[in-house]
Amino acid sequence: MASNEEVAALLQEYADLLSITGGDAFKARAYERAARAVGGHSADVSGLDAKALKAIPGVGASIAGKIGEYLRTGRVAAVDEARERIPAGVRELTAIPALGPKRALVLYEELGVSSVDELAAAIGEHRLRGLKGFGPKSEEKLLHGIDLLRAATGRIPVDTALALAEDVVARLAEVPGCERCTYAGSLRRRRGTAGDLDVLAAAADSGPLTAAFTGLPVVGEVIGTGGTKTSIRTADGVQVDLRVVPPDAWGAALQYFTGSKEHNIRLREIAVRKKLKLSEYGLFHARSGRRIRVATEEDVYARLGLPWIPPPLREDRGEIEAAARGELPEPLAESDLRGDLHTHTDLTDGIDSLEAMVDAARRRGYSYYAITDHAPELRMQRMTKERMLAQRERVAELDARSRRRSGGLRLLHGTELNIAPDGSVDWPGEFLETFDVCVASVHSHFTQPRDEMTRRFLAAVENPHVHVIGHPTTRKAGRRPAVDADWDEIFAACARTGTALEVNAHPNRLDLPDELILRARGHGVKFAVDSDAHSVPDLANMRYGAGIAQRGWLTAEDVVNTWPLARLRSFLRAKAA
DNA sequence: GCCGTTTTCGGCCCGACTGTTTTCAGTCG
């Protein structure tokens, strides 16, 4: 897995370097496409021969050769040569908003600028004056861009993005003349983070909407405004783009602005082959320019010979081919989730009591709900066997009371075990087998070497009492990277032993990430989408977990906590048998 | 560099906005 990501990063770097040095732009694009395909490929490229490499879409003889060279030697001569021509700092310059590869090269060749800091200094010394392509406005914009880059905390988490988007949409929807309004972009595709937000509105006259948008209380600055597109930045630094389209362009526009860019490129290629032209303004006959009526997204896809594709799948990861074959998965819906298998109470590090959490679970309409407080190895939680057994008694009482109501919520008593560096867990098997469900997770020693980390996970997966591996990569947004392990080996073991992998729904975790879900799914693994709630409001995080699961092509059948309780219980019992 | 029910050569998605280049290139999405 690491090799797929490494190779993808290397191909992307080469694509960037090619676009800076100029020459054939299509060549750079070919490397970009190959980078994406390798990054999302379901098999580990380090195990593939040249023929199998060339079977990856966008990988031909030349790129397959470079991948082989990298896997054999750890280097690629062509990339090394490009790195010698273009220092890494020049590539970093293109991260500055409004500065692309062409002008980054001018700065490097004419002024010797090869880092963001050097650019800031050069602007301060007015050395850009008279440089071709750089006028007085450029200095100002670049300085502003450098400030943003330095202040940038990267992408914003999905919960923040969704709250902002829903607020903006609600306010714009009330503007007179606004016929439709929604958010599109990566947020509609349910990515775990958002770079900027895309809001789409339909109106005959964009004026009132544009005025309302630039006057929103959240606006920090107006970046640009025109007849169809207006961009603002909030006081918190989040860019929001509003597009206003005529009502009869809604279907094509919503499709276009939902993306992804890669998905849309593929759709336009299909349109071109059908002698059509697709843009955000509609679908047209290429020759006559005559408009084809496409009122909805469904109409757009149908006219291209495809069924409607759910937004979380629109990443050019094979969804267009699957749609053409009529083999699109029916994505998991949040409402398919009948219960939660990983939650905490104030007995350990949760905020709310058992009773409050159970009440909230009932209000969510769940059929079953597992309480899985931490086990003793997380020392700060002060857990003991006695405390756990006392909780179990209370859970049994609540369950008995609930059971007397028809269709009442059923409770499971579980625990979240700690996977020690050697792969062992907190309690002996005799005690573990008395739990309904055991989640096991890594909470420390994140930097073990890859082979040790892999053995650690495998030991936990092979444990007959471990049902779910919690937040498998342990990544935390902006704080901690994923641990390094041989995921394919772990996923194969999960499939073999009937161990579920968690899709942890907390917005800062979203773990497994969608790329690894896709990969695990290929091994035939089952999943549990869990909130890992430490408070009542946390239970609602399930929507983000469902979104990531959709992006991983999971169906309800793949996710054990969509199953009826009896089927779930037999899955849990089968592990130890 | 990749790719093929029009093609093994000649294409490769499309449009808006900005600033500066007096007619368009660069950047972005």
Side-chain angles (χ1 to χ4, degrees), chain A residues 11 14-15 18-20 22-38 53-67 78 93-107 128-142 144-145 184-186 189 194-200 206 210 222-231 239-245 249 252-253 255-284 286 289 304-305 316 320:
Chain A
L11 294 173
Y14 192 50
L18 286 173
S19 66
I20 293 170
D24 186 1
F26 293 112
K27 185 169 159 181
R29 222 167 76 189
Y31 276 97
E32 276 184 25
R33 175 164 150 77
R36 273 202 319 282
V38 168
L53 285 172
K54 282 175 69 176
I56 300 173
V59 176
S62 173
I63 293 180
K66 289 186 175 68
I67 295 173
L93 289 178
T94 62
I96 299 170
L99 184 60
K102 294 287 176 287
R103 294 198 306 163
L105 183 66
V106 171
L107 289 169
L128 271 59
R129 304 256 166 105
L131 205 55
K132 187 173 164 65
F134 294 83
K137 285 266 194 172
S138 294
E139 290 193 353
E140 195 184 313
K141 283 194 86 159
L142 289 174
H144 188 51
S186 63
R189 302 199 312 278
D196 51 26
L197 303 187
D198 299 292
V199 176
L200 181 64
S206 67
T210 301
V222 177
I223 300 168
T225 184
T228 62
K229 178 186 172 182
T230 299
S231 300
Q239 182 172 333
V240 186
D241 295 339
L242 171 69
R243 302 273 187 156
V244 184
V245 300
Q255 194 291 316
Y256 177 87
F257 290 115
T258 297
S260 68
K261 184 181 173 185
E262 292 75 19
H263 176 89
N264 287 355
I265 288 172
R266 295 291 311 282
L267 278 196
R268 290 211 191 95
E269 287 169 355
I270 291 171
V272 167
R273 283 203 290 279
K274 291 183 178 296
K275 304 243 184 285
L276 302 171
K277 187 184 71 154
L278 178 63
S279 77
E280 62 264 50
Y281 295 115
L283 187 63
F284 305 90
L304 299 178
D316 190 20
I320 290 172

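In what follows, every chain begins at residue 1, and chains take the letters A, B, ... in the order their sequences are listed.
At a threshold of 4.0 angstrom between heavy atoms, the contacts of A:Ser19 with the nucleic acid are absent. When heavy atoms are screened at a 4.0 angstrom cut-off, A:Ala34 is found touching no nucleic acid atom at all. Nucleic acid contact for A:Ile96: sugar-phosphate only, since backbone atoms but no base atoms lie under 4.0 Å from a heavy atom of the residue. A:Lys141 comes within 4.0 angstrom of the backbone, heavy atoms only, and of no base. Within 4.0 Å of A:Asn264, counting heavy atoms only, lies no atom of the nucleic acid at all. A:Gly227 comes within 4.0 angstrom of the backbone, heavy atoms only, and of no base. Within the 4.0 angstrom heavy-atom criterion, only backbone atoms of the sugar-phosphate kind lie near A:Tyr31; the bases stay farther away.
A gap of 29 Å separates the C1' atoms of B:dG29 and B:dT22, to the nearest Å. Nucleotides B:dT23 and B:dC28, compared at atom P, are 25 Å apart to the nearest Å. Between B:dT20 and B:dT27, the two C1' atoms lie 14 Å apart (nearest whole Å). Nucleotides B:dC2 and B:dT7, compared at atom C1', are 14 Å apart to the nearest Å. Using P as the reference atom, B:dT5 and B:dC12 are 16 Å apart when rounded to the nearest Å.
Distance A:Arg273 CZ to B:dG4 P: 9 Å, rounded to the nearest Å. Summarising the geometry, the separation between CG on A:Leu267 and P on B:dC12 is reported as 17 Å, rounded to the nearest angstrom. Straight-line distance from the CG atom of A:Leu18 to the C1' atom of B:dG1: 10 Å, rounded to whole Å. To the nearest angstrom, P of B:dC28 lies 18 Å from CD of A:Glu280. For A:Gln255 and B:dG29, the CD to C1' distance is 14 Å, given to the nearest whole Å. What separates NZ of A:Lys54 from P of B:dC3 is a distance of 9 Å, to the nearest Å. Here B:dG29 presents its C1' atom at 16 Å from CG of A:Asp316, a figure rounded to the nearest Å. Summarising the geometry, the separation between CZ on A:Arg29 and P on B:dC3 is reported as 13 Å, rounded to the nearest angstrom.
Between the A:Arg243 side chain and the A:Phe257 main chain, no donor and acceptor come within less than 3.5 Å of each other.
To the nearest 0.5 Å, atoms CG (A:Leu99) and CZ (A:Phe134) are separated by 6.0 Å. In this structure, A:Ile20 CD1 and A:Leu93 CG are separated by 8.0 Å, a value rounded to the nearest 0.5 Å. Between atom CD1 of residue A:Ile223 and atom CG of residue A:Asp241 there is a gap of 7.0 Å, rounded to the nearest 0.5 Å. The CG atom of A:Asp316 sits 6.0 Å away from atom CZ of A:Arg33, with the distance rounded to the nearest 0.5 Å.
Between B:dA16, B:dC14, B:dC2, one nucleotide has an atom nearer to the side chain of A:Ser62 than all others, and that is B:dC2. Residue A:Ser138 places its side chain closer to B:dT20 than to any other of B:dC2, B:dT20, B:dG29. Looking at the side chain of A:Ile63, the nearest of the listed nucleotides B:dC14, B:dT20, B:dC2 is B:dC2. Here the side chain of A:Arg103 is nearest to one of B:dT27, B:dT20, B:dC2, namely B:dT27. For A:Lys27, the listed nucleotide lying nearest its side chain is B:dG1; candidates were B:dA16, B:dG1, B:dT20. Of the listed nucleotides (B:dG15, B:dA16, B:dG1), B:dG15 has the atom at the smallest distance from the side chain of A:Lys277. Among the nucleotides B:dG1, B:dA16, B:dC14, the one closest to the side chain of A:Ser279 is B:dC14. Comparing B:dC12, B:dA16, B:dG29 against the side chain of A:Asp198 picks out B:dG29 as the nearest. Residue A:Lys66 has its side chain nearest to B:dG1 when only B:dG1, B:dT18, B:dT20 are considered.
Positionally, the nearest nucleotide of DNA chain B for A:Leu278 lies more toward the 5' end than for the other of A:Leu278 and A:Gly226. Remark on DNA chain B: of its neighbouring residues A:Ile223 and A:Leu276, the 5'-side contact belongs to A:Leu276, judged by nearest-heavy-atom nucleotide.
OP1 and OP2 of B:dG1 both lie 4.0 Å or more from every side-chain N or O belonging to A:Arg33. For B:dA16, the OP1/OP2 oxygens have a side-chain nitrogen or oxygen of A:Tyr281 closer than 4.0 Å. Side-chain N/O atoms of A:Lys261 include none lying less than 4.0 angstrom from OP1 or OP2 on B:dC28. The side chain of A:Ser231 contributes no N or O atom lying less than 4.0 Å from OP1 or OP2 of B:dC17.
Scanning all heavy atoms of the two residues, the minimum distance from A:Ala35 to A:Leu11 falls at CB-CB, 3.7 Å. Closest approach of A:Gly259 and A:Asn264 over heavy atoms only: CA-ND2, 3.6 Å.
Pair check for B:dT8 finds none; no Watson-Crick or G-U wobble contact set falls under 3.5 Å.
Residue side chain A:Tyr256 does not reach the base of B:dG15 through any donor-acceptor N/O pair under 3.5 Å, judged by distance alone.
A salt bridge links A:Arg266 with A:Glu269: at least one charged nitrogen is closer than 4.0 Å to a carboxylate oxygen.
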